[in-house]
Amino acid sequence: MSNKPIGLLDSGIGGLTVLKAAQAMLPDESFVYIGDSARNPYGDRTSAEIIQYTNELASFLVSQDIKMLIIACNTATALTLKQLQKDLDIPVLGVISAGSTEAIRQTQNGHIGVLATQSTVDSNYYAQTISQASPNMKISSLACPDFVQLVESNQYESVYAATVVEKTLQKLPDQSIDTLILGCTHFPLLAGFIQKAVGPSVHLIDSGALTAVNIGSRLDALGLRTGSCNRQTITLYTTGNVSLFNKIATKWMQSTDMKIKSIPIERLSSYVK
Ligand code: DGL
């Protein structure tokens with residue numbers, strides 16, 4: 001048993017899709033989250049930058065005495081999960097395996113689509129994870145570079161966002177996709193527009209929400225669940241604009257019972273050992 005918080009990191013707002021599912025599923029657990037909105041988007045950055053920034057966020061969370069680290073970002077999962085699992089002495093979970101497993105379970109025709117950042121698509125991590133588990137799947141990936149900014153700028157419910165989503169998804173390589181992974185944790189905020197663009201017959205997979213199930217089973221397996229009289233606390237840190245982060249986070253999480261704090265990027269490197 002451990003009453004320590006669970007840490008989550010993302011390049012910005014996106015990981016809140018994982019946090020929202022996790023806090024609903026694990027109402028006694030406490031969470032500490034960091035979103036690097038000041039350096040967002042990660043998806044267009046070099047691998048070296050993504051690795052450095054993710055290490056900084058992970059080190060910051062470790063300094064907050066977390067019992068488990070969730071890389072609530074597909075881009076960072078693809079580039080850092082294996083290394084962080086080796087480097088840290090707490091359990092580390094990413095978001096890619098849960099969505100991949102569920103997509104394999106859901107597809108009827110064996111054709112899975114993946115919407116992700118450019119970096120995640122280039123890493124080929126989804127294709128490798130799916131093919132290892134089920135070698136006969138056809139996988140079609142599409143980078144959606146404009147989607148993240150629609151969320152970070154709080155425009156994700158706008159008519160402009162609907163237009164961008166519709167136009168981008170016209171580039172999906174094959175119409176026979178029956179299961180589509182939202183392979184970026186920012187994308188569930190655009191799920192309504194994405195579903196409209198691809199049609200009701202395509203099954204959308206929110207890998208972030210599915211990760212929440214994995215968090216619970218890993219806590220149980222390791223005996224790390226919190227005591228039942230623990231009061232859930234949620235603390236959010238952002239490297240970016242606190243009032244914008246607050247506005248999006250409060251609306252998305254449908255909660256005002258969260259502490260939102262600023263952490264300047266200049267301070268983050270001091271946490272790396
Ligand atoms: N939310 C992130 C992901 O799941 C990345 C967004 C970005 O910063 O490009 O990939």
Side-chain angles (χ1 to χ4, degrees), residues 7-22 33-58 69-81 84 92-100 102-103 113-127 129 141-156 161 164-165 168 180-191 194 204-212 214 236-241 244-245 248-249 252-253 265 268:
L8 296 97
L9 67 83
D10 180 51
S11 66
I13 289 288
L16 294 181
T17 57
V18 184
L19 177 60
K20 185 175 177 173
Y33 177 99
I34 182 163
D36 195 5
S37 292
R39 297 185 289 198
N40 182 280
Y42 279 15
D44 303 329
R45 291 190 176 274
T46 64
S47 300
E49 283 175 322
I50 297 166
I51 292 167
Q52 182 203 324
Y53 298 169
T54 306
N55 279 334
E56 290 177 4
L57 302 181
L69 173 65
I70 315 302
I71 307 175
C73 171
N74 292 260
T75 310
T77 296
L79 288 169
T80 68
L81 176 65
L84 284 172
V92 183
L93 269 67
V95 280
I96 291 183
S97 73
S100 302
E102 182 62 10
V114 181
L115 305 181
T117 66
Q118 189 64 55
S119 173
T120 302
V121 171
D122 293 346
S123 75
N124 222 20
Y125 201 103
Y126 266 105
T129 306
S141 302
L142 178 69
C144 305
D146 301 324
F147 287 12
V148 172
Q149 207 42 42
L150 293 173
V151 175
E152 288 289 319
S153 60
N154 202 16
Q155 293 184 85
Y156 64 92
V164 172
V165 169
T168 307
L180 188 60
I181 299 176
L182 304 179
C184 170
T185 52
H186 283 73
F187 295 179
L189 283 91
L190 294 162
I194 294 172
L204 297 191
I205 304 283
D206 176 349
S207 43
L210 293 160
T211 300
N214 285 358
L236 310 179
Y237 288 88
T238 175
T239 59
N241 180 311
L244 181 59
F245 195 93
I248 306 173
W252 175 251
M253 300 290 293
I265 40 176
L268 284 177

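For ligands, and for the atoms within them, numbers begin at 1 and follow the listed sequence.
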For [atom], what is the nearest protein heavy atom, given as residue, atom name and distance?
| atom | answer |
| --- | --- |
| atom 10 (O) of ligand 1 | Thr75 OG1, 2.6 Å |
| atom 1 (N) of ligand 1 | His186 ND1, 2.8 Å |
| atom 2 (C) of ligand 1 | Cys73 SG, 3.3 Å |
| atom 6 (C) of ligand 1 | Ser11 OG, 3.4 Å |
| atom 3 (C) of ligand 1 | Asn74 N, 3.2 Å |

Test your reading of the structure: does [X] have an N or O sitting under 3.5 Å from an N or O of ligand 1?
| X | answer |
| --- | --- |
| Tyr42 | yes |
| Thr117 | no |
| Cys184 | no |
| Asp44 | no |

Taking [X] for its side chain and [Y] for its backbone only, find out whether a donor-acceptor pair lies under 3.5 Å.
| X | Y | value |
| --- | --- | --- |
| Arg45 | Arg39 | yes |
| Asn40 | Ser11 | yes |
| Tyr33 | Gly15 | yes |
| Thr185 | Ala72 | yes |
| Thr239 | Ser37 | yes |

If we count only N and O atoms by modelled type, under 3.5 Å, do the side chains of Thr80 and Thr54 hold a donor and an acceptor together? no

Quiz item: With distance as the sole criterion, is a donor-acceptor pair present between the side chains of Tyr126 and Asn74 under 3.5 Å?
Solution: yes

Looking at ligand 1, would Gly12 count as a contact under a 4.0 Å heavy-atom criterion? no

Worksheet item: Heavy atoms, side chains only, cut-off 4.5 Å: are Glu152 and Gln149 in contact?
Response: yes

Under 4.0 Å to a heavy atom of [X] - the qualifying atoms of ligand 1, by number:
| X | value |
| --- | --- |
| Asp10 | 1 (N), 2 (C) |
| Gly43 | 7 (C), 8 (O), 9 (O) |
| Val148 | 6 (C), 7 (C), 9 (O) |

- prompt: How are the rings of Phe147 and Phe187 set to each other: parallel, tilted or perpendicular (split at 30° and 60°)?
  reply: perpendicular

Short version for Asn40: what comes under 4.0 Å of ligand 1, heavy atoms counted, is side chain

